[in-house]
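Numbers here are sequence positions counted from 1.
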Amino acid sequence: MKLNLYVLTPKRIILDCEVKEIILSTNSGQIGVLPNHAPINTAVDMGPLRIRLLNDQWLTAVLWSGFARIVNNEIIILGNDGELGSDIDPEEAQQALEIAEANLSKAEGTKELVEAKLALKRARIRVEAINWIPPSN
């Protein structure tokens with residue numbers, strides 16, 4: 001059995017493919033989705049999206065929140081923004097993490113602190129996506 005996965009943002013289609021399973025970050029934690037999953041609509045949290053392709057290879061993407069609908073072996077994720085892990089430059093991601101950590105320590109005031117924490121969370125998610133080691137089959 002397979003799932004049809006569509007990951008869409010206002011700017012582009014990130015993925016349109018058939019998969020075996022996904023692991024999705026939601027506001028209440030991560031959920032795994034296999035074929036014949038119960039229908040569900042859920043908010044998508046900032047975090048990684050793990051995708052197991054039909055050839056058993058794993059892909060990683062990052063999503064910056066959105067909404068997911070799972071019904072009849074079809075997964076539609078409407079995200080605010082996102083990117084494939086393979087599109088993330090490891091050196092740039094690590095540098096962005098270091099800058100975000102430095103900016104957090106220098107943040108003054110509520111607005112700067114909130115923005116610095118959000119930037120740090122995004123940077124950590126991007127680094128996590130490129131460093132993730134998939135499970136062995």
Side-chain angles (χ1 to χ4, degrees):
M1 298 268 334
K2 60 189 174 193
L3 300 159
N4 294 312
L5 173 65
Y6 306 95
V7 181
L8 314 162
T9 71
K11 295 178 184 176
R12 67 186 179 123
I13 298 170
I14 294 176
L15 283 170
D16 176 355
C17 59
E18 294 179 336
V19 302
K20 282 189 174 180
E21 72 178 288
I22 69 164
I23 302 169
L24 177 68
S25 296
T26 72
N27 290 351
S28 58
Q30 292 188 335
I31 61 169
V33 180
L34 296 167
N36 299 318
H37 193 281
I40 185 173
N41 294 317
T42 185
V44 174
D45 197 9
M46 287 178 31
L49 169 65
R50 316 273 189 226
I51 305 137
R52 184 175 172 200
L53 301 173
L54 296 179
N55 65 4
D56 287 324
Q57 294 293 317
W58 285 87
L59 290 179
T60 301
V62 290
L63 298 174
W64 307 124
S65 71
F67 188 79
R69 178 177 183 261
I70 301 162
V71 66
N72 295 328
N73 291 324
E74 182 176 78
I75 305 164
I76 301 172
I77 301 172
L78 304 174
N80 293 329
D81 201 2
E83 59 190 320
L84 292 173
S86 58
D87 292 340
I88 298 172
D89 179 314
E91 289 180 20
E92 184 273 329
Q94 186 62 43
Q95 185 177 28
L97 177 60
E98 292 166 7
I99 291 169
E101 289 170 341
N103 287 342
L104 180 61
S105 66
K106 295 186 291 188
E108 295 179 11
T110 305
K111 182 181 178 197
E112 274 189 29
L113 190 59
V114 168
E115 289 172 349
K117 284 181 179 180
L118 181 61
L120 181 60
K121 183 174 181 180
R122 283 179 175 251
R124 283 183 176 155
I125 290 167
R126 292 180 83 229
V127 169
E128 177 188 343
I130 58 175
N131 290 328
W132 184 67
I133 299 171
S136 56
N137 295 329

Give, for atom [atom1] of [X] and atom [atom2] of [Y], the distance between the pair rounded to the nearest 0.5 Å.
X: I14; Y: I77; atom1: CD1; atom2: CD1; value: 9.0 Å
X: T60; Y: L84; atom1: OG1; atom2: CG; value: 9.5 Å
X: L3; Y: N36; atom1: CG; atom2: CG; value: 8.5 Å
X: K117; Y: K121; atom1: NZ; atom2: NZ; value: 11.5 Å
X: I51; Y: L49; atom1: CD1; atom2: CG; value: 4.0 Å
X: Q94; Y: I130; atom1: CD; atom2: CD1; value: 7.5 Å

Is there a path of hydrophobic side-chain contacts, each under 4.5 Å between heavy atoms of I, L, V, M, F, W or Y residues, that connects [X] with [Y]?
X: W64; Y: L78; result: no
X: L120; Y: V114; result: no
X: V7; Y: L24; result: yes
X: V44; Y: L8; result: no
X: I31; Y: L15; result: yes

**Q.** Trace of the side-chain contact (heavy atoms from CB on, under 4.5 Å) decision for V19 with R52
**A.** CA-CA 6 Å; V19 302; R52 184 175 172 200; 6.0 Å; no
Q | E92 atom CD: more than 12 heavy-atom contacts under 6.0 Å | A |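 Counting neighbours around CD of E92, more than 12 heavy atoms of other residues, nucleotides or ligands fall under 6.0 Å, so yes.
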Q: State whether the number of non-hydrogen atoms from other residues, nucleotides or ligands found under 6.0 Å of Q95 atom CD is greater than 12.
A: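 Incorrect, the count does not exceed 12.
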**Q.** Pairs flagged by salt bridge (charged side-chain N to carboxylate O under 4.0 Å, His left out) wherever residues 3-18 is involved - sequence neighbours left out
**A.**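 Every salt bridge (charged side-chain N to carboxylate O under 4.0 Å, His left out) pair that includes a residue of residues 3-18, provided the two are not neighbours, is K2-E18.
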**Q.** L104 and L113, any side-chain heavy atoms less than 4.5 Å apart
**A.**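 L113 vs L104: side chains touch.
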Q. Are the side chains of F67 and N41 in touch, meaning some heavy atoms are under 4.5 Å apart?
A.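 A side-chain contact exists here, since the closest heavy-atom pair is under 4.5 Å.
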Please report the shortest heavy-atom distance between [X] and [Y], naming the atom on each side.
X: P48; Y: S25; value: O-OG, 3.1 Å
X: A107; Y: E112; value: CA-OE1, 3.6 Å
X: N80; Y: T9; value: O-CB, 4.3 Å
X: A93; Y: V127; value: O-CG2, 3.6 Å
X: V71; Y: P39; value: CG2-CB, 4.1 Å
X: A100; Y: A123; value: CB-CB, 4.3 Å

Q: Could you walk me through whether I23 and W58 pass side-chain contact (heavy atoms from CB on, under 4.5 Å), step by step?
A: CA-CA 11 Å; I23 302 169; W58 285 87; 4.2 Å; yes
Does [X] use its side chain to pair, donor to acceptor, with the backbone of [Y] at less than 3.5 Å?
X: T42; Y: A68; answer: no
X: Q57; Y: L53; answer: no
X: D45; Y: S65; answer: no

Q) Under a 4.0 Å N-O cut-off, is there an ion pair linking R50 with E128? A)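 The answer is yes: the pair qualifies as a salt bridge.
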